Participant: 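Take this structure first; my questions come after.
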Amino acid sequence: MELGLVGLGKMGGNMRERIRRAGHTVIGYDRNADVADVHSLEELVGKLSGPRVVWVMVPAGEPTQSTIDRLAELLEPGDVVVDGGNSRWTDDEKHAEQLAAKGIGFVDCGVSGGVWGLENGYALMYGGDAEHVARVQPIFDALKPEGDFGSVHAGKVGAGHFAKMVHNGIEYAMMQAYAEGWELLEKVDSVTDVREVFRSWQEGTVIRSWLLDLAVNALDEDEHLDGLRGYAQDSGEGRWTVEAAIDNAVPLPAITASLFARFASRQEDSPQMKMIAALRNQFGGHAVEKK
């Protein structure tokens, strides 16, 4: 099938390539003309045959809103827009209503996989009406990992981004636990090879995971993370998870503490945050601050 893809950054560019490898046609637009297939949203829409599917992969907030606004003007009844960025689920409801007034469908999709998704596939969580999801299904099938798992129709509009938000909240807590354990091991004199302790956990333990593998990768590159400043940014989804927990009276002590730990990292050079920063760089290519 044909797909219009808006946003060809670290995630979007690799997604375009994976979809093309599956045999689909992708026409990509980006403000960076060096990576774009077309030079405007108007040209992108004009090159797609109706009914169209346009996937938006730009930062949450104003960049997404302005893109949705323009697509609402350019697209026609029967077309579908997918928001695959990290938008807040409450924005999805507004976007769906805005587009529905023009007869345009809307699907929200949380995407996980980072810089590794091109080869490994992307975990996808999407929300929306069944008929709109069905229109996009060939693209979901192209992006997801091989096998029976890694893709889910989570529910109504907003469910995809809500599920991805909770996923990222869990990710915060898991990274924090690895980071705290790493700092404690580094602190004591009796443990002389912390990196190899982490490596030993990769097989046969209940805490083995992809994040653990990435921690070992980071320690192989810089055994004591001496080159990193102990500062870790938060993407917003950790905050939204905690806010949703408050709104729904659901206790999230581990996720909340992991978010607050990142705030603490901005006040001092935290050893734990060196590991958090290294992990974020490993799985998502997020920027780190060097000493």
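What you see below is based on every heavy atom in this structure, not just the backbone, and it leaves out hydrogens, waters and symmetry mates. Only a predicted model underlies this, so the values are computations on that prediction, with no experimental measurement involved.
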Participant: Do you know which two heavy atoms are closest between E183 and P271, and how far apart they sit?
Facilitator: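 Closest pair (atom of E183, atom of P271, distance): OE2-CG, 3.6 Å.
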Participant: Are the charged groups of D37 and K47 less than 4.0 angstrom apart, N to O?
Facilitator: no
Participant: Sequence neighbours left out, cut at 3.5 Å: what donor-acceptor pairs do the side chains of residues 146-158 make with other protein atoms?
Facilitator:
residue, atom, partner, partner atom, Å
S151, OG, Y126, OH, 2.8
H153, NE2, G128, O, 2.8
H153, NE2, G155, O, 3.1

Participant: Closest heavy-atom contact between W116 and Q282?
Facilitator: NE1-O, 2.7 Å
Participant: Under 4.0 Å between a Lys/Arg side-chain N and an Asp/Glu carboxylate O for E131 and R135?
Facilitator: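 Here E131 does not pair with R135 in a salt bridge, since their nearest N and O are not under 4.0 Å apart.
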Participant: Say whether L3 and L44 are linked into one hydrophobic cluster, either directly or through other cluster members, by side-chain heavy-atom distances under 4.5 angstrom.
Facilitator: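 Per the 4.5 Å side-chain linkage, L3 and L44 are not co-clustered.
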Participant: Looking at every heavy atom in both V58 and G7, which two are closest together, and how far apart are they?
Facilitator: CG1-CA, 4.1 Å
Participant: Can you find a heavy atom in the side chain of V56 that is under 4.5 Å from one in the side chain of L71?
Facilitator: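 Side chain of V56 against side chain of L71, heavy atoms only: contact under 4.5 Å found.
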Participant: So, are E42 and R70 salt-bridged, with charged N and O less than 4.0 Å apart?
Facilitator: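 A salt bridge is present here (some side-chain N lies under 4.0 Å from a carboxylate O).
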Participant: Walk me through it: do V216 and W201 pass the test side-chain contact (heavy atoms from CB on, under 4.5 Å)?
Facilitator: CA-CA 10 Å; V216 173; W201 292 344; over 6 Å; no
Participant: Closest heavy-atom contact between A232 and I276?
Facilitator: CB-CG2, 3.6 Å
Participant: I'd like to know if the side chain of E2 reaches the main chain of S49, judged simply by a donor and an acceptor atom lying under 3.5 Å from each other, with no hydrogens or angles considered.
Facilitator: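 Looks like yes, one N/O pair under 3.5 Å.
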Participant: Rounded to the nearest 0.5 Å, what separation is found between the SG atom of C109 and the CG atom of L143?
Facilitator: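 Atom-to-atom, C109:SG and L143:CG are 8.0 Å apart.
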Participant: Taking all heavy atoms of A244 and all of M165, pick out the closest pair and write down the distance.
Facilitator: CB-CE, 3.9 Å
Participant: Can you tell me how far apart CD (E17) and CD (E119) are? Round to the nearest 0.5 Å.
Facilitator: 9.0 Å
Participant: Please list, one pair per line, the donor and acceptor atoms closer than 3.5 Å that link side chains of residues 251-261 to other protein atoms, with sequence neighbours excluded.
Facilitator:
residue, atom, partner, partner atom, Å
T256, OG1, L252, O, 2.7
S258, OG, I255, O, 2.7

Participant: Roughly how far, to the nearest 0.5 Å, is the CG atom of N14 from the CG atom of N120?
Facilitator: 11.0 Å
Participant: Would you sort out whether L48 and V54 count as a side-chain contact (heavy atoms from CB on, under 4.5 Å), showing the intermediate values?
Facilitator: CA-CA 9 Å; L48 294 170; V54 178; 3.9 Å; yes
Participant: So if you build clusters from Ile, Leu, Val, Met, Phe, Trp, Tyr with side-chain heavy-atom gaps below 4.5 Å, do F283 and I207 land together?
Facilitator: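 In one cluster with F283: I207, yes.
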Participant: Nearest 0.5 Å, please: how far is CE in M175 from CG in L279?
Facilitator: 6.5 Å
Participant: Spell out, as yes or no, whether a donor-acceptor pair under 3.5 Å connects the side chain of N86 to the backbone of A60.
Facilitator: no
Participant: Hey, is the main chain of H161 close enough, under 3.5 Å, to the side chain of D108 for a donor-acceptor pair?
Facilitator: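 Pair found, side chain donor or acceptor close to backbone of H161.
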Participant: Between R208 and E203, is there a donor-acceptor pair closer than 3.5 Å when you use the side chain of the first and the backbone of the second?
Facilitator: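 Answer holds: no.
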Participant: Starting from V6, can I reach V107 by hopping between I/L/V/M/F/W/Y residues whose side chains sit under 4.5 Å apart?
Facilitator: no
Participant: What's the spacing between D220 CG and L214 CG if we round to 0.5 Å?
Facilitator: 11.5 Å
Participant: Any heavy-atom pair between the side chains of D234 and Y172 that's under 4.5 Å?
Facilitator: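 They are in side-chain contact.
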Participant: Which heavy atom in L124 sits nearest to a heavy atom in K144, and how many Å separate them?
Facilitator: CD1-N, 4.1 Å
Participant: Could you tell me whether E97 and K94 make a salt bridge, using a distance below 4.0 angstrom between a side-chain N and a carboxylate O?
Facilitator: no
Participant: Cluster question for you: counting only ILVMFWY and a side-chain heavy-atom cut-off of under 4.5 Å, with indirect links fine, are V82 and I104 together?
Facilitator: no
Participant: Rounded to the nearest 0.5 Å, how far apart are CZ of R195 and CG of D222?
Facilitator: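 Reported to 0.5 Å precision, the distance equals 10.0 Å.
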Participant: side-chain contact (heavy atoms from CB on, under 4.5 Å) between L185 and F198: does it pass, once the steps are laid out?
Facilitator: CA-CA 10 Å; L185 288 167; F198 261 58; 3.9 Å; yes
Participant: Ignoring hydrogens and geometry beyond distance, is a side-chain donor-acceptor pair present between S87 and D91 at under 3.5 Å?
Facilitator: no
Participant: Would W89 end up clustered with M57 when hydrophobic side chains under 4.5 Å apart are linked, directly or stepwise?
Facilitator: no
Participant: Between R88 and E243, does at least one N-O distance fall below 4.0 Å, as a salt bridge requires?
Facilitator: yes
Participant: Whether the Y178 and S209 side chains hold a donor-acceptor pair (N or O, under 3.5 Å, no angle test) is what I'd like checked.
Facilitator: yes
Participant: Tell me yes or no: between the side chains of Q65 and D69, is some donor less than 3.5 Å from an acceptor?
Facilitator: yes
Participant: Is the shortest heavy-atom distance from the side chain of L219 to the side chain of M275 under 4.5 Å?
Facilitator: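 Side-chain contact under 4.5 Å: yes.
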Participant: Hey, mind stepping through N168 and W240 against side-chain contact (heavy atoms from CB on, under 4.5 Å) and telling me if it holds?
Facilitator: CA-CA 10 Å; N168 281 25; W240 299 343; over 6 Å; no
Participant: Identify all side-chain donor-acceptor contacts of residues 25-36 below 3.5 Å with residues at least two apart in sequence or on another chain.
Facilitator:
residue, atom, partner, partner atom, Å
D30, OD1, N32, N, 2.7
D30, OD2, L8, N, 2.7
N32, OD1, D34, N, 3.0

Participant: Can you sort out the partners of R262 under salt bridge (charged side-chain N to carboxylate O under 4.0 Å, His left out), two or more places apart, ordered by chain and number?
Facilitator: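 Here no residue qualifies.
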Participant: Can you tell if the side chain of T64 reaches within under 4.5 Å of the side chain of H95, non-hydrogen atoms only?
Facilitator: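 A side-chain contact under 4.5 Å exists here.
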Participant: Do any pairs count as a ring pair (Phe, Tyr, Trp, His ring centres under 6.0 Å) and have a residue in residues 59-84, sequence neighbours left out, and if so which ones?
Facilitator: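 Qualifying pairs: none.
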Participant: With salt bridge (Lys or Arg N to Asp or Glu O under 4.0 Å) as the rule and sequence neighbours excluded, what pairs involving residues 163-172 come up?
Facilitator: K164-E237
Participant: With a 4.5 Å limit on heavy-atom distance, are the side chains of I19 and W55 in contact?
Facilitator: no
Participant: Judged by atom type as modelled, is there a donor-acceptor pair below 3.5 Å linking the side chain of R52 to the main-chain atoms of V45?
Facilitator: yes
